[in-house]
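Taking it in order: structure first as structure tokens, then the write-up.
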2 protein chains.
Amino acid sequence: MFLTDKGNHPDISLKVCGYSRMLEIISSKWTVLVFYALENGSARYGEMGRRIEGISKKMLTQTLRQLERDGLVMRHLTPTIPPRVDYSLTPLGESLLKPMQELKKWTIDHYSDVEQARDHYDQSAVSQDFAENE
Amino acid sequence: MFLTDKGNHPDISLKVCGYSRMLEIISSKWTVLVFYALENGSARYGEMGRRIEGISKKMLTQTLRQLERDGLVMRHLTPTIPPRVDYSLTPLGESLLKPMQELKKWTIDHYSDVEQARDHYDQSAVSQDFAENE
DNA sequence: CCGTATCCTCCCGGATACTG
DNA sequence: CAGTATCCGGGAGGATACGG
């Protein structure tokens, strides 16, 4: 880690940065996919498990609990046998939709640019490696 | 993992989901903090290391390389001795600023709601634990 | 000053088995 | 159906030392 020399205090701290708090809430891929699965209304537990490719029960439950704890998702239990559990976005969760969708739009609009940049970067990397081995 | 039963294909895949691609680019805390450090213009390597609390050289370099590879950040080397290296956002990187700031604004506006929800959730959790041990 | 290389630890998350 | 409990391997990332 960099040493903080006399009086030169860091001004970007994880604790107070708005961006960090943002990531604290939505930075996991499962969190976002689960959130995404609820964009168009409520869904049952098993249903979500089937719709979200590759998620395990453990992560589905854990992710839903976290979203619930943060007040973004509601859990509704119907105590039949077998039980039925539905999840849906809270008003707070819905308020997050718009900025999230803006960011999704940016990604869709610019992902090809990112891919192109990666190709270009990797290309120069290999040609440099090649030059070294001459 | 949930089994994909006959014909019931999952419709939310990591590979094609816009949100996932978004996280692919900005989901790490260091990535976001480094990006943040460049919001108001270019900065030198060491300067960023001092400003971003807790980051190690390894992660700073790794993060900058990734942002550079994705075409969001530019690296400018001045080959003096000792060398001087400045980093800045590319136009693509700048285009990401707006949606990111929207999300940051949401976080600032609603973080207290999230904290309140957490308190409430944790509160009910402990009172439940308490009830169990009666 | 601006990195890279190496080692080593910790914890995330998958697999599996069990329960109301 | 909707979870919980336990075990465990791999990779992210910190600490440290070295290099141009």
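Since this is a predicted model, take the numbers as computed values, not measurements. Just so we're on the same page: letters track the sequence lines, and every chain starts at 1. The basis for the numbers below is simple: all heavy atoms, side chains too, and nothing from hydrogens, waters or symmetry mates.
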Check: Atom CZ of A:Arg44 and atom C1' of D:dA2: how far apart are they, to the nearest Å?
Finding: 9 Å
Next item on the list: Sequence neighbours left out, what passes side-chain contact (heavy atoms from CB on, under 4.5 Å) with B:Lys105? Give chain and number order.
Entry: B:Asp109
Check: Which whole-number value in Å describes the distance from B:Leu60 CG to D:dG14 P?
Finding: 11 Å
Checklist line | Joint hydrophobic cluster, B:Met48 plus B:Leu97, side-chain heavy atoms closer than 4.5 Å | finding: yes
Margin query: Without decimals, in angstroms, what is the distance between B:Glu68 CD and C:dG3 P?
Written below: 9 Å
Check: Which pairs pass ring pair (Phe, Tyr, Trp, His ring centres under 6.0 Å) with one or both residues in residues 60-107 of chain B, sequence neighbours excluded?
Finding: B:Trp106-B:His110
Notebook entry, point to check: Which residues in residues 69-85 of chain A have at least one heavy atom lying under 4.0 Å from any atom of DNA chain D?
Noted result: A:Arg75, A:Pro82, A:Pro83, A:Arg84, A:Val85
Notebook entry, point to check: Does atom CD of A:Glu39 have more than 12 heavy-atom neighbours from other groups under 6.0 Å away?
Noted result: yes
Next item on the list: Taking only Lys NZ, Arg NE, NH1 and NH2, and the carboxylate oxygens of Asp or Glu, determine whether A:Arg69 and B:Glu115 approach each other closer than 4.0 Å.
Entry: no
N/O contacts under 3.5 Å, protein versus nucleotides 4-13 of chain D?
unit_1	atom_1	unit_2	atom_2	d
D:dG13	N7	B:Lys58	NZ	3.1

Item checked: Non-hydrogen side-chain atoms of A:Met22 and A:Ile26 separated by less than 4.5 Å -> yes
Notebook entry, point to check: Under 3.5 Å, is there a donor-acceptor pair between the side chain of B:Gln123 and the main chain of B:His120?
Noted result: no
Notebook entry, point to check: Should the pair B:Lys29-B:Glu53 be classified as a salt bridge under the 4.0 Å nitrogen-to-oxygen rule?
Noted result: no
Next item on the list: Five pairs at each end of the helix from C:dC1-D:dG20 to C:dG20-D:dC1: take the axis at both ends and give me the angle between them to 10°.
Entry: 50°
Notebook entry, point to check: Separation of A:Ile55 atom CD1 from D:dG3 atom P, in whole Å?
Noted result: 12 Å
Notebook entry, point to check: Over how many whole Å does the gap from B:Ile52 atom CD1 to D:dG14 atom P extend?
Noted result: 12 Å
Next item on the list: Run the numbers on A:Ser20 and B:Tyr36 for side chain to side chain donor-acceptor pair (under 3.5 Å), then give the verdict.
Entry: CA-CA 10 Å; A:Ser20 295; B:Tyr36 184 33; over 6 Å; no
Notebook entry, point to check: In chain order, what residues pass the ring-ring contact (aromatic ring centres under 6.0 Å, His included) check against A:Phe35, with sequence neighbours excluded?
Noted result: none
Check: Side-chain donor-acceptor pair under 3.5 Å between B:Tyr19 and A:Thr107, yes or no?
Finding: no
Check: Any side-chain N or O of A:Tyr87 less than 4.0 Å from the OP1 or OP2 oxygen of D:dG3?
Finding: yes
